[in-house]
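Everything quoted here is computed from the prediction, not taken from an experiment.
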Amino acid sequence: VMNRLSRLFFLSVAVGCSAESTEPAPPADTTAELSIETDEAAATVDERFLSVAVDTAQLVGGRFWSSSGQQEIIGEEEVPEYDFTRPRLRALASELAPAFLRIGGSDADRVIYDMSDSPIAEAPEGFEFVLTAAQLDGVFEFAEALDYEVMFTLNAGEGVRDESDAWTPDMARELVEYVVDNRYDVTLWELGNEWNVYGFILMIGLEVPQIVADFEAAAALLDELDPDALFGGPS
């Protein structure tokens, strides 16, 4: 291992010299010896550093990336609702815990939340898919059973904007209230997915002042309903 480190160290020095300096490169037979003190840690990586995501499209049974591997701008293959109860999934996922589980992706901005006992079967205009209470329950049952912390992306798409294109918190309120009432834990909430591509993914053009106002509205909602949770910046 020490010999490999020495060679890597020399290689990085040589590349750095050739790229950033006009001085001649050292002779090819130049060597360097590198030793690493292992008695004390220089830094510690969070135990949740290796984390995972389930796309909102997978959660609700929408459209996800094709298994063929063909080039796609967004996922186009219809997939079934994500089954968090699968024994093999749980066996494998348990080995990654503790970790974050992010629920998000492009379709986070296309779903309507229906936390009622009899959810609608089809999404109305402005939405494409329906996120139900049963699907949400599956996320948190899985997370609690396997020691995952949930990060959840709230819809900031066309369906939750008024005539002036301002984000309206009413639908998000329904979902956050459901989470809090059921004593589910969300470590971090996000508002919207990949704002930088809204122009061609969602066909929404927003100016910076509007985005700031949207985040202020979401922050106010979360401060009211779930003040212990974190609120992330633009995803």
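Criterion: ILVMFWY side-chain heavy atoms under 4.5 Å apart, direct or through other members. Under it, M151 and Y113 are not part of a common hydrophobic cluster. The cluster map of Ile, Leu, Val, Met, Phe, Trp and Tyr, joined by side-chain heavy atoms under 4.5 Å apart, puts I211 and V197 in the same cluster. In the hydrophobic clustering of this structure, F231 groups with F152; members are Ile, Leu, Val, Met, Phe, Trp, Tyr whose side-chain heavy atoms approach within less than 4.5 Å, directly or through other members. Each of L188 and L146 belongs to its own hydrophobic cluster when Ile, Leu, Val, Met, Phe, Trp and Tyr are linked at side-chain heavy-atom distances under 4.5 angstrom. Transitive grouping of hydrophobic side chains (ILVMFWY, heavy atoms separated by less than 4.5 Å) brings F142 and V52 into a common cluster.
A218 approaches L191 most closely through the heavy-atom pair CB-CD2, 3.8 Å. Listed here is the closest heavy atom pair of Q210 and A166: NE2-CA, 3.3 Å. When all heavy atoms of E174 and M115 are compared, the pair lying nearest together is OE2-N, 3.1 Å. Minimum interatomic distance between Y198 and G192 (heavy atoms only, all atoms of both residues): OH-CA, 3.3 Å. Across all non-hydrogen atoms, the minimal contact from Y148 to A93 is OH-O, 2.7 Å. Pairing each heavy atom of L202 with each of D109, the nearest pair is CD1-CB, 3.7 Å.
In this structure a side-chain-to-backbone donor-acceptor pair under 3.5 Å is present from N155 to V111. Distance alone, capped at 3.5 Å, is enough to place a donor-acceptor pair between the D214 side chain and the W167 backbone. Not a single donor-acceptor pair under 3.5 Å links the side chain of D114 to the backbone N or O of T132. Judged purely by atom type and a 3.5 angstrom limit, E194 has no side-chain atom pairing as donor or acceptor with the backbone of N196. At distances below 3.5 Å, not a single donor-acceptor pair connects side-chain atoms of N182 with backbone N or O atoms of Y184.
In this structure, the separation between CD1 on I201 and CH2 on W195 is 15.0 Å, given to the nearest 0.5 Å. One distance of note links OG1 of T187 with CG of D228; it measures 11.0 Å at 0.5 Å rounding. Distance check: D165 CG to I204 CD1 gives 7.0 Å after rounding to the nearest 0.5 Å. To the nearest 0.5 Å, the span separating CG on L154 from CG on L221 amounts to 8.0 Å. Of the inter-residue distances, the one linking L175 atom CG with I112 atom CD1 reads 11.5 Å to the nearest 0.5 angstrom. Between atom CG of residue D83 and atom CD of residue E81 there is a gap of 9.5 Å, rounded to the nearest 0.5 Å.
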Run the numbers on F64 and D55 for side chain to side chain contact (heavy atoms under 4.5 Å, CB included), then give the verdict. CA-CA 8 Å; F64 197 56; D55 199 283; 3.4 Å; yes
Yes or no on side chain to side chain contact (heavy atoms under 4.5 Å, CB included) for I103 and T153, after CA distance, side-chain angles and deciding distance? CA-CA 6 Å; I103 304 297; T153 305; over 6 Å; no
So D185 and F140, side chain to side chain contact (heavy atoms under 4.5 Å, CB included) or not? Walk me through it. CA-CA 8 Å; D185 289 324; F140 288 100; 5.8 Å; no
Between S51 and R102, is a side-chain hydrogen bond (donor to acceptor under 3.5 Å, both in side chains) present by the stated rule, with each step listed? CA-CA 8 Å; S51 292; R102 180 185 184 243; over 6 Å; no
Hey, mind stepping through W189 and V186 against side chain to side chain contact (heavy atoms under 4.5 Å, CB included) and telling me if it holds? CA-CA 7 Å; W189 295 95; V186 171; 3.6 Å; yes
Please walk me through it: do D107 and R63 pass salt bridge (Lys or Arg N to Asp or Glu O under 4.0 Å)? CA-CA 9 Å; D107 284 330; R63 294 188 296 273; 5.7 Å; no
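No option in T56, V54, V60 other than V54 meets the side chain to side chain contact (heavy atoms under 4.5 Å, CB included) test with Q58.
R90 and E141 are joined by a salt bridge, as a carboxylate oxygen and a charged side-chain nitrogen come within less than 4.0 angstrom of each other. Using a cut-off of 4.0 Å between Lys/Arg side-chain N and Asp/Glu carboxylate O, E158 and R110 are scored as not salt-bridged.
The environment of CG in D117 is sparse: at most 12 heavy-atom neighbours from other residues, nucleotides or ligands sit within 6.0 Å.
Taking the six-membered ring for Trp and the full ring otherwise, the centers of F84 and Y82 sit less than 6.0 Å from each other.
Under 3.5 Å, the side chains of R161 and T168 contain no donor-acceptor pair of N or O atoms.
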